[in-house]
Amino acid sequence: MEWTPELMQKLESLRSKIEDTGQDFETYVNGWQQQQFQNYWDYIQLDTLLSLQRPVTQVADEPIFIMYHQITELYFKLTRLEIDALAGSVEPDFTDFLERIARINRYFDALKHSFGVMELGMKKEEFLTFRDALAPASGFQSVQYRIIELGCAPVINIVAEGKREELREASVENQMDSIYWKDGAKVESTGQPAYTAVQFMEKYWDDLLFTAEAYEHCNIWAKYQGFKEHWSEDQRSELEDALRKLDLNVNVYWPLQHYKTAVRYLSKKPVDIQATGGTNWQKYLPPRFQRRVFFPELWTAVQIADWGKSWVHEILSELEK
Ligand code: HEM
């Protein structure tokens with residue numbers, strides 16, 4: 001390679017960058033000389049990644065269960081990056097806002113389409129063998145899932161449905177006390193909170209309260225309200241389409257795909273199999289019953305009344321067979 005004037009210019013500006021902070025350029029050049037070339041396995045931490053699957057039984061299909069949960073958690077982390085970028089945005093940059101919502105939708109589309117890895121990809125008898133060794137652990141305890149919800153919409157929209165009206169003007173802290181998953185995950189026979197929820201709250205409740213308060217004025221809906229005056233009718237309409245899709249992805253499509261999976265593994269006549277988290281999952285999980293809607297302002301009353309209905313009918317009729 002030649003020492004062209006352009007290359008010399010780049011080196012010069014690099015040198016200025018370092019010397020402008022009062023540091024020595026030559027020290028950096030010596031450091032570069034010593035540095036190893038980057039390789040793929042270190043860069044993506046492959047060895048560490050592959051060491052994170054630790055089955056607790058000898059059952060062959062258990063690694064599938066662990067890995068797909070891990071894959072999902074990584075998609076959740078990607079989603080959180082976009083939520084936080086939106087929460088921190090100060091300029092009403094329409095293209096950026098729309099693209100970030102589209103990214104989240106792509107992540108959830110990927111999760112929705114790949115859920116067959118869980119629904120169809122394990123032998124039922126193997127699942128039912130290794131699952132007992134996991135109790136009371138449950139995906140219910142996924143804190144990232146809860147954080148995503150808090151980052152998308154005002155807490156009131158994910159308060160247990162029956163308490164939304166009375167708590168509409170309440171503080172975030174009071175609303176959090178009736179958040180759907182705290183209110184709804186009960187042991188069917190006693191009506192007491194399921195231990196999986198008790199355990200989860202012991203670990204994360206304070207953090208989640210803090211998170212809810214931190215997102216109060218900068219969740220996705222709050223940001224949209226703050227920026228929309230700057231955008232044209234067409235832009236708003238395009239963004240609202242993307243937000244509706246996000247609402248369906250997180251609150252209907254993913255939960256239903258997940259529910260279908262629970263049905264495949266846990267439903268049994270005459271009495272369903274107890275979930276590892278021990279909840280009343282048949283009543284608790286279907287979106288039709290929880291009716292979480294991030295952006296109710298974007299739906300008609302009929303659409304909200306029918307939230308998740310058609311799919312649930314399909315699944316319930318499968319259960320009847
Ligand atoms: C064979 C696969 C699966 C089955 C049978 C299953 C079953 C269940 C059940 C029964 C519940 C209710 C709580 C309980 O009693 O345990 C639950 C909750 C949950 N699971 Fe799964 N699950 C599966 C896979 C997954 C995967 C891959 C994820 C991804 C992280 C996940 C995330 C969740 C979440 C976030 C909840 C709470 C949902 C809510 O509060 O509405 N699950 N699961």
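Just follow the structure's listing: the first ligand is 1, and inside any ligand the first atom is 1. Only this structure's heavy atoms are used, side chains among them; waters, hydrogens and symmetry mates stay out.
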- Message: To check your reading of the model: name the closest protein heavy atom to atom 25 (C) of ligand 1, its residue, and the distance in Å.
- Response: His69 NE2, 3.2 Å
- Message: Counting the benzene-type ring for Trp, do Trp254 and Phe115 have ring centres under 6.0 Å apart?
- Response: yes
- Message: Is it true that Tyr180 and Glu149 share a donor-acceptor pair across their side chains at a distance under 3.5 Å?
- Response: yes
- Using a cut-off of 2.8 Å, count how many protein N, O or S atoms are strictly closer to atom 21 (Fe) of ligand 1. 1
- Item | For atom 29 (C) of ligand 1, closest protein heavy-atom neighbour | Thr72 CG2, 3.6 Å
- Are any of the heavy atoms in Gln290 under 4.0 Å away from ligand 1? yes
- Enumerate the atoms of ligand 1 whose separation from the nearest heavy atom of Tyr68 is less than 4.0 angstrom. 27 (C)
- Query: Has Trp254 got any heavy atom lying under 4.0 angstrom from an atom of ligand 1?
  - Reply: yes
- Do you know which of Leu256, Asn251, Asn249, Val250 makes side chain to side chain contact (heavy atoms under 4.5 Å, CB included) with Tyr253? Asn249
- Query: Can a donor-acceptor pair be found between the side chains of Thr21 and Gln23 at a distance below 3.5 Å?
  - Reply: yes
- Could you tell me whether Arg146 approaches ligand 1 through its side chain, its backbone, both or neither, with non-hydrogen atoms closer than 4.0 Å? side chain
- Side chains of Trp41 and Asn39: donor-acceptor distance under 3.5 Å anywhere? yes
- Query: Of all the non-hydrogen atoms in the protein, which one sits nearest to atom 10 (C) of ligand 1, and at what distance?
  - Reply: Ala275 CB, 3.3 Å
- Item | Polar contact flag for Glu73 and ligand 1 (N/O pairs, less than 3.5 Å) | no
- Report yes or no: do Asp247 and Trp299 form a side-chain donor-acceptor pair below 3.5 Å? yes
- Item | Between Glu240 and Tyr224, a side-chain donor and acceptor under 3.5 Å | yes
- Query: Does the side chain of Phe108 reach to within under 4.5 Å of the side chain of Phe76, using non-hydrogen atoms?
  - Reply: yes
- Electrostatic pair Arg80:Asp84 at N-O distance under 4.0 angstrom: no
- Query: Closest heavy-atom contact between Gly121 and Asp61?
  - Reply: O-OD2, 4.4 Å
- Considering distance alone, does some N or O of Trp181 sit under 3.5 Å from an N or O of ligand 1? no
- Message: Students should be able to answer this: which protein heavy-atom is nearest to atom 13 (C) of ligand 1, and at what distance?
- Response: Thr279 OG1, 3.2 Å
- Query: Aromatic rings Tyr75 and Tyr107: how do their planes relate, parallel, tilted or perpendicular, breaks at 30° and 60°?
  - Reply: tilted
- Task: Any atoms of ligand 1 less than 4.0 Å from a non-hydrogen atom of Met122? List them with their elements.
- Result: 1 (C)
- Of the protein's non-hydrogen atoms, which lies at the shortest distance from atom 41 (O) of ligand 1, and what is that distance? Arg292 NH1, 3.2 Å
- Report the nearest protein non-hydrogen atom to atom 39 (C) of ligand 1: residue, atom name, distance rounded to 0.1 Å. Tyr284 OH, 3.3 Å
- Query: Quick one: do Glu161 and Arg291 make a salt bridge, cutoff under 4.0 Å?
  - Reply: yes
- Query: According to a 4.5 Å side-chain heavy-atom criterion applied to Ile, Leu, Val, Met, Phe, Trp and Tyr, with indirect links allowed, do Leu46 and Ile66 form part of one hydrophobic cluster?
  - Reply: no
- Query: Would you say Tyr28 has more than 12 foreign heavy atoms packed within less than 6.0 Å of its OH?
  - Reply: no
- Item | Nearest neighbour in protein (non-hydrogen) for atom 11 (C) of ligand 1 | Leu285 CD1, 3.8 Å
- Query: In ligand 1, which numbered atoms sit nearer than 4.0 Å to a non-hydrogen atom of Phe127?
  - Reply: 1 (C), 5 (C)
- Message: When you compare the side chains of Thr72 and Tyr145, does any donor N or O come within less than 3.5 Å of an acceptor on the partner?
- Response: no
- Message: With a cutoff of 4.0 Å, is Lys186 in contact with ligand 1, counting heavy atoms of the residue only?
- Response: no
- Query: Of all the atoms in ligand 1, which lie at a distance below 4.0 Å from a heavy atom belonging to Phe65?
  - Reply: 1 (C), 2 (C)
- Query: Which part of Glu119 is near ligand 1, with near meaning a heavy atom under 4.0 Å away: side chain, backbone, both or neither?
  - Reply: neither
- Heavy atoms only: give me the nearest Gly191-Lys186 pair and the separation to one decimal. O-CD, 2.8 Å
- Message: Just to be sure I read this right, does ligand 1 sit under 4.0 Å from the backbone of Thr196, its side chain, both, or neither, counting only heavy atoms?
- Response: neither
- Message: So if I count the atoms of ligand 1 from 1 in the order they appear, which ones are less than 4.0 Å from some heavy atom of Tyr265?
- Response: 1 (C)
- Item | Interfacing atoms of ligand 1 (cut-off 4.0 Å, heavy-atom, Leu266) | 10 (C)
